[in-house]
Amino acid sequence: MSGTKRTADNTIDCNGTEKDAPPPTKKMSDGGNTTTPDAATEEKSSSTNNDSLTSKDYYFDSYSHHGIHEEMLKDQVRTRTYQMAILNNRHIFEGKIVLDVGCGTGILSMFAVQAGAAHVYGVDCSGIIESAKKIVKDNGMEDKITLIKGKIEEIDLPVKEVDIIVSEWMGYFLLYESMLNTVLHARDKWLKPGGVIFPDKAVMYISALEDEQMKYERIDFWENVYGFNMSALKEAALKEPVVDIVDPKSIVTSADHILNIDLNTCTEKDLSFSSPFRIQAERSDYVHAFVAYFECAFTNIHKPLGFSTSPQSKYTHWKQTIFYLSEPITVCEGEEITGRIACKPNVGNVRDLDIGLDVSFDGSRSKVDKHIEYRLR
């Protein structure tokens, strides 16, 4: 897990002198908990040509493989929340026309049929849709579900409008892979006035964490690799956010929201954002990284519900997104870190994200004023 908690002998005494912190213990990562945004494609994570390979090279192909769908389906927080939101609201689905954007295996389409939908149109651009057709037939729903292979932006539906749009569009850092743009396109093209989107709200947050051990393993590791100096790769490692599980005990500060999305009204321009933040240290410690996570909600239903991907919440396959700093910030309880985080699609590939982080801190033991550029791919 990310975020090894410091012991009582390895903390900051803000009323006196800083206690000596021993160097981080060198240990091998188990490799089981760490997932970078390109984990579905082994070649990308091992590539040293960091500027030429992007998610555009493998995006649709990666979703053709059953493994990525297995991970999502086994994410019970994700799948059970959608199931409850749909099946507990038959009054919304009964006799309605539904569009499932990025239908994958067809699980949400089949939930919609169980909830009484008159017909569901599922659209996906990856090869998994061929398996989805067999799944739908095996479950006796082929007369209720029509699956279409293609891009939402390019296909035509057999109907002029739909009553409901369902989609599991969220990516790492909420916006990675830019699938929300596709949902908004479908909304503007086919959703009837007063139609419902599942889910319809999302909020993203930022906080700071102590993560010395994992920073050593992921970033400082490059300084001495079997006796060789590979620091040339350290800068590249710093620029790429890490998707991993964060131990809630490693969180040092409060959280602040950096993005609010209402799918009923937002536009594609709203997905490129720049947001200030202010977070307060809840104990005296060191900040090695910032962490972002999100919440999604279904509010246009009888009893609103949702889920969170925060470190304090139950595991989801989205985990959390970590932004490492080159040098730690020494914070004392009650001190504030301010800053601004900006995000926009990469010019060369809109499915990647360019993320800028401005950090300002004027504490009793540390001062920071810097701008850092990251790329999530």
Side-chain angles (χ1 to χ4, degrees), residues 1-6 12 34-37 171-176 203-220 234-260 273-295 308-313 318-333 335-344 353-363 366-377:
M1 279 192 181
S2 169
T4 302
K5 180 68 178 71
R6 293 175 182 270
I12 305 167
T34 302
T35 304
T36 55
Y172 302 127
F173 193 67
L174 186 62
L175 301 177
Y176 178 65
V203 183
M204 186 154 52
Y205 299 88
I206 192 168
S207 185
L209 69 148
E210 183 280 323
D211 204 12
E212 181 182 43
Q213 182 65 51
M214 296 309 293
K215 179 179 182 290
Y216 176 83
E217 293 183 7
R218 294 180 175 124
I219 309 298
D220 300 335
K234 182 177 178 178
E235 183 178 352
L238 273 169
K239 289 183 177 180
E240 189 157 339
V242 174
V243 174
D244 198 1
I245 302 167
V246 169
D247 184 343
K249 294 180 181 178
S250 71
I251 298 296
V252 175
T253 69
S254 60
D256 198 2
H257 67 274
I258 53 175
L259 180 65
N260 285 279
F273 69 92
S274 177
S275 179
F277 64 86
R278 182 182 296 271
I279 52 181
Q280 186 177 74
E282 296 179 338
R283 66 171 184 263
S284 298
D285 211 326
Y286 301 88
V287 168
H288 296 93
F290 291 89
V291 58
Y293 56 90
F294 63 88
E295 298 173 351
S308 173
T309 66
S310 80
Q312 292 82 7
S313 300
W318 290 287
K319 304 183 177 77
Q320 292 87 38
T321 304
I322 306 166
F323 301 87
Y324 283 105
L325 302 171
S326 58
E327 298 294 336
I329 304 172
T330 306
V331 297
C332 292
E333 184 177 357
E335 293 181 337
E336 290 187 335
I337 301 174
T338 61
R340 177 173 290 272
I341 185 166
C343 175
K344 62 182 179 180
L353 296 176
D354 291 333
I355 301 167
L357 187 63
D358 291 303
V359 180
S360 180
F361 178 70
D362 187 8
S366 179
K367 299 183 188 301
V368 177
D369 188 8
K370 65 191 304 183
H371 176 79
I372 316 154
E373 293 286 342
Y374 301 91
R375 184 171 174 185
L376 185 56
R377 55 178 151 190

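The first residue of the sequence shown is numbered 1, and numbering continues consecutively from there. No experiment lies behind these values; they were computed from the predicted model shown.
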Visitor: Kindly indicate whether the side chain of Y293, heavy atoms from C-beta on, has any atom under 4.5 Å from the side chain of V246.
Guide: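 Not in contact.
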
Visitor: Kindly compute the distance separating CD1 (I372) from CG (L325), expressed to the nearest 0.5 Å.
Guide: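 Taking CD1 in I372 and CG in L325, the distance rounds to 5.0 Å.
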
Visitor: Counting C-beta onward and ignoring hydrogens, is there a side-chain heavy-atom pair between I322 and M214 closer than 4.5 Å?
Guide: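 Result no, sub-4.5 Å side-chain heavy-atom pair not found.
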
Visitor: State which residues pass side-chain contact (heavy atoms from CB on, under 4.5 Å) with V203; sequence neighbours excluded, sorted by chain then number.
Guide: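 Checked V203 against side-chain contact (heavy atoms from CB on, under 4.5 Å); matches are Y205, H257, N260.
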
Visitor: How long is the gap from OH on Y324 to CG on L238, to the nearest 0.5 Å?
Guide: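 These two atoms lie 10.0 Å from each other.
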
Visitor: With rounding to the nearest 0.5 angstrom, report the CZ to CG distance, F273 to L175.
Guide: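 Between atom CZ of F273 and atom CG of L175 there are 6.0 Å.
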
Visitor: Please check this pair: side chain of D256 against backbone of R278, looking for a donor-acceptor N/O pair closer than 3.5 Å.
Guide: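 Between the backbone of R278 and the side chain of D256 there is a qualifying donor-acceptor contact (under 3.5 Å).
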
Visitor: Could you check whether any side-chain N or O of Q320 sits under 3.5 Å from a backbone N or O of T309, counting only pairs where one atom can act as donor and the other as acceptor?
Guide: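 Judged by distance alone, yes, a pair lies under 3.5 Å.
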
Visitor: Output, in order, the C-alpha distance, side-chain angles, deciding distance and verdict of side-chain contact (heavy atoms from CB on, under 4.5 Å) for H288 and E210.
Guide: CA-CA 5 Å; H288 296 93; E210 183 280 323; 3.8 Å; yes

Visitor: Step through the shown structure and confirm whether more than 12 heavy atoms of other residues, nucleotides or ligands are within 6.0 Å of CD on Q312.
Guide: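 Enclosed: over 12 neighbouring heavy atoms sit under 6.0 Å from CD of Q312.
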
Visitor: Could you go step by step and tell me if D285 and R283 meet the salt bridge (Lys or Arg N to Asp or Glu O under 4.0 Å) rule?
Guide: CA-CA 6 Å; D285 211 326; R283 66 171 184 263; 2.9 Å; yes

Visitor: What residues, two or more places apart in sequence or in another chain, satisfy side-chain contact (heavy atoms from CB on, under 4.5 Å) together with D220?
Guide: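 Expected list: K215, Y216, E223, K234.
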
Visitor: Write down the atom of H371, the atom of D358, and the distance for their closest heavy-atom approach.
Guide: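 Minimum heavy-atom separation between H371 and D358: ND1-OD1, 2.7 Å.
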
Visitor: If I take atom CD1 from residue I206 and atom CZ from residue F277, how far apart are they, to the nearest 0.5 angstrom?
Guide: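 These two atoms lie 4.5 Å from each other.
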
Visitor: Please check: side-chain N/O of T253 versus main-chain N/O of A208, any donor-acceptor pairing under 3.5 Å?
Guide: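 Yes: the side chain of T253 pairs with the backbone of A208.
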
Visitor: With sequence neighbours excluded, tell me which residues meet side-chain contact (heavy atoms from CB on, under 4.5 Å) with Q280.
Guide: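 So Q280 forms a side-chain contact (heavy atoms from CB on, under 4.5 Å) with S254, E336.
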
Visitor: Would you call D362 and K367 a salt bridge, taking side-chain N to carboxylate O under 4.0 Å as the test?
Guide: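 Yes, charged N to carboxylate O under 4.0 Å.
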
Visitor: Using the side chain to side chain donor-acceptor pair (under 3.5 Å) criterion, which residues pair with K239? Sequence neighbours excluded.
Guide: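 Checked K239 against side chain to side chain donor-acceptor pair (under 3.5 Å); matches are E235.
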
Visitor: Are the side chains of S366 and E335 in contact, using a 4.5 Å heavy-atom criterion?
Guide: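 No, side chains not in contact.
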
Visitor: Measure the CD-CE distance between E295 and M204 for me, rounded to the nearest 0.5 Å.
Guide: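 Those atoms lie 12.0 Å apart.
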
Visitor: Among Y176, Y172, F294, F173, find the residue that satisfies the ring-ring contact (aromatic ring centres under 6.0 Å, His included) test when tested with W318.
Guide: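 Going through the options one by one, the only one that passes is F294.
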
Visitor: Measure the shortest side-chain to side-chain distance between V359 and F290 over non-hydrogen atoms and say whether it is less than 4.5 angstrom.
Guide: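 They are in side-chain contact.
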
Visitor: What distance separates L357 CG from Y374 OH, expressed to the nearest 0.5 Å?
Guide: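 Here the rounded value is 5.5 Å.
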
Visitor: Under the side-chain contact (heavy atoms from CB on, under 4.5 Å) criterion, do L353 and C343 qualify, and how do the steps go?
Guide: CA-CA 7 Å; L353 296 176; C343 175; 3.9 Å; yes

Visitor: Under the rule for side-chain contact (heavy atoms from CB on, under 4.5 Å), what residues qualify as partners of A281, not counting sequence neighbours?
Guide: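 Only V331 meet the side-chain contact (heavy atoms from CB on, under 4.5 Å) criterion with A281.
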
Visitor: Output all residues satisfying side chain to side chain donor-acceptor pair (under 3.5 Å) with T321, sequence neighbours left out; order by chain, then residue number.
Guide: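 None.
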
